[in-house]
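Encoded as structure tokens, the structure appears first; notes follow it.
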Amino acid sequence: MDKRGKQNVLKRILAIRGMGQVITVTIGFIILCIVFGLVNPIFFSGKNVANLLRQIAPILIIGIGQSYVLITGNIDLSIGSVVGMSCMISATLMTKGVNPLIAILITICCCLAVGVLNGELVSKCKLPPFIATLGTMTIARGIAQIVNNNYNTGSIGEGAKGFRNFFYYGKTAGLYNAIWITLAMWIVFNFILSKTRSGRHIYAIGSNIDAARLSGVNVHSTTIKAYLVSAICACTVGLMTCATTGMGTMDAGNSYEMYAVAASVIGGVSTLGGQGILLGTVIGASIWGVLQNGLQFAGAPVAIRNITIGIIVVVSVLLDVIVRTGKPRKKKMNPVT
Amino acid sequence: MDEYIVEIEHVSKSFPGVLALNNVSFNLRSGEVLALLGENGAGKSTLMKILSGVYTKDSGTIRVFGQIIEDLNTKKAQELGIAIIHQELNMCAHLTVAQNIFLGQEITEYGMISDRKMNAEAKKILSSLNIDIDPEMVVGDLAVSKQQMVEIAKALSTNAKVLIMDEPTSALTSKEIEDLFIIINKLKQEGCGIVYISHRLEELENIVDRVTILRDGEFIKSMSFHETSLGEIISCMVGRDIKEKFPRVTCTRGERILEVKQLNAGRMVRNINFELFAGEIVGIAGLMGAGRTEMTRAIFGVDSKDSGEIILDGKVVRIEKPMDAIKCGIVLVPEDRKKDGLCTKLSIRDNIALPNLDILCNKVGIVSNKKEKTMTEKAVIDLKIKLPNIEVNAGSLSGGNQQKVVVGKWLRRKSRVVIFDEPTRGIDVAAKVEIYNLMNELKKQGIGVLFVSSEMPEVMGISDRIIVMCDGKITGELNTDEATQDMILQYATSFDKKSADLMSS
């Protein structure tokens, strides 16, 4: 490639919307990695990197789901509970001897039902998304508890070995399957969001729901689609959790909804809707994972890890605002309508 | 009278990428009304925002009452007696009129907020302005024009000596505009200096003493209004002569495209019947709140219809949501561009592509980058939209260019009927003419054009036929050659006896 060609490529990458913030966050991410590497050289060892990737995988997947919903201008608080529900339903079925494939299908259906319910409550019944998904969050957690009579399940057994390998332990081309699954999901959902009509509609309703409706966008089905993506992502993470531990745990996915918001927001997805790209969510989830992992290596207790991550969430958003406007954001005043 | 209360000298202001104001000077005497004129993006609003402390200047001096003011901020501006009424209403919809008027300067009694005192005080202010609004009403329940009046009352409650009005009449009816002018003249006699920004040049002569013209961020001229012709003012604003304010093309009337029969939708759309032929522009005139917007929304399927038929090219079409209307070839350029027209956080390219994704996508729904780019670029060229590139946020454009994007996104597909709802509100003369030309172009192509507008000269200048609405009904239909403003106004105010009684009681 000649020099001009290269410049064009660079120009085109920079022209992608939302790229600016992704680059800022990426620089932060690299600095973070270097610091942890200097503190403890083991951080960069092959084994730890593989470990790290597996830690990032579930956060990234739910981050993708949450990003979809955030871009439509809504929020999905039920993600964490759906993870738990997925984990418990699949594990319970498999301990009862159901074929893993059928167990997976049933689990997916249950999770999608929550997604549809979320979408209907928000779009048809016009409930504020925070309240609607707060409700489904509690319901889904309740279902997770009730499927095995308020107990975690026992081991999902030998029959589910293939299941465990597929979702977590197995390796393909030298990488854990969990990572491949994450990669595949990211590619598919990134493509849908950036290249298809449905993707455009998702941005449009997040940016201006009235203008989108008047432009012929079906707001109702688009909202449901976003919540379905979120549900399918949570479902996958639930199955992964089940494969990892080899059993169903009722509090699987606890507070994942907030991790998902954090990954999205660090990566530049706006909670006000209409803005953000999934590449940002990758970096957001990575920063999350590296902090967890790196601080653990540096010997920091859990409490310190939580405090640090909380600070990072706030600072990364603040930084973005300052970079973009030169000063902290004033809340935009809306005219009376 | 001759003493300047505001003197701005050599002020410059730049935003990332644009020089919004370049070495601008401006002054204002007490007891005068000064019209600040210029095209969209000329820097009027920026200059006024600097004067009211919303923005800080990069360089230059500001003198208020002879005193050099350095770090001017909104609070300081208020203390100095500078009040601004913004183009967009800034009010808390859930609070009452009195609470809004005294927002930030609440009246207290024994350390507690006293609604009683505020209501009494607000009543005093409102009645001194001849505004008939109950101070205890919730602002969100008032009509937009009434809200505007409250905004003015709010500005005056601070004893303003310098009052800036940015397009105060864009949402008012002619009666309300008259009331506003009475208020303005009263304030003028009391020694207020008033800066008046408006695109409606016709209304200036009732109030304005002097005009100051800006163009592309630069000071052009300041002159006495009564010694200057409108033509001269316009050519100063646009920097060239505009040949025709209302360009007109004649076409032969073709076949019938659209027929609306017995359309009913709520209280504001009652028993609507009309026809639209190829090669004509039909203007829909009427007062604010006559139901024109509601009618277009019902036709386009935004609001649901109670009954009635829409016949397109001889066939009855079912339109239940905007998508249905778009599919059969009826499109609507909505009235409120910020609310209904644009996704301000998305790029121009996304905005123009949004209603046309069916054309831009292949069978599985993947958007073609190339087609999208070509479409956007064509729209930008056709409409002469001024922009850095097609990837910038639509919200970053000036008002006129935003409006062009809204219009542009609807003209990239083959339509049978295009409905324009107030397409020229708040945009400058040159951009208005471009939009008229565009409507004429559609007319030539045999597309039916419905044109809703509150500006009488515009309706009469552009349409071939005028339908007048009042109180949700069609009260008259005129050919443009025989129409006069008086006739239109008469139809526009012919309320039913019953509703007229209701209104007067």
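Quick note on labels: first sequence line is chain A, next is B, and so on, each numbered from 1. The figures that follow rest on heavy atoms only: side chains count, while hydrogens, waters and symmetry mates do not.
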Show your working on side-chain contact (heavy atoms from CB on, under 4.5 Å) between A:K195 and B:N369 and close with a plain yes or no.
CA-CA 8 Å; A:K195 299 278 183 221; B:N369 227 332; 4.0 Å; yes

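Put simply, the side chain of A:H220 does not reach to within 4.5 Å of the side chain of B:K321, judged on heavy atoms. In this structure the side chain of B:D358 reaches within 4.5 angstrom of the side chain of A:R197, judged on heavy atoms.
What you find for A:D210 and B:K339 is that their closest heavy atoms are CB-O, 3.3 Å.
Rounded to the nearest 0.5 angstrom, A:L214 CG and B:R297 CZ are separated by 6.0 Å. A distance of 6.5 Å separates CD1 of B:I326 from OG of A:S215, quoted to the nearest 0.5 Å.
Counting heavy-atom pairs under 4.5 Å between each of A:S194, A:A204, A:S198, A:G274 and chain B puts A:A204 at the top. Heavy-atom pairs under 4.5 Å with chain A were tallied for B:V364, B:D340, B:L342, B:L360; the largest tally goes to B:D340.
Looking at B:I366, the atoms closer than 4.5 Å to chain A (heavy atoms on both sides) sit in the backbone and in the side chain alike. Neither the backbone nor the side chain of B:K327 comes within less than 4.5 Å of any heavy atom of chain A.
By a heavy-atom distance cut of under 4.5 Å, B:L346, B:S347, B:D350, B:A353, B:L354, B:P355 are the residues of residues 346-356 of chain B near chain A, going up by number.
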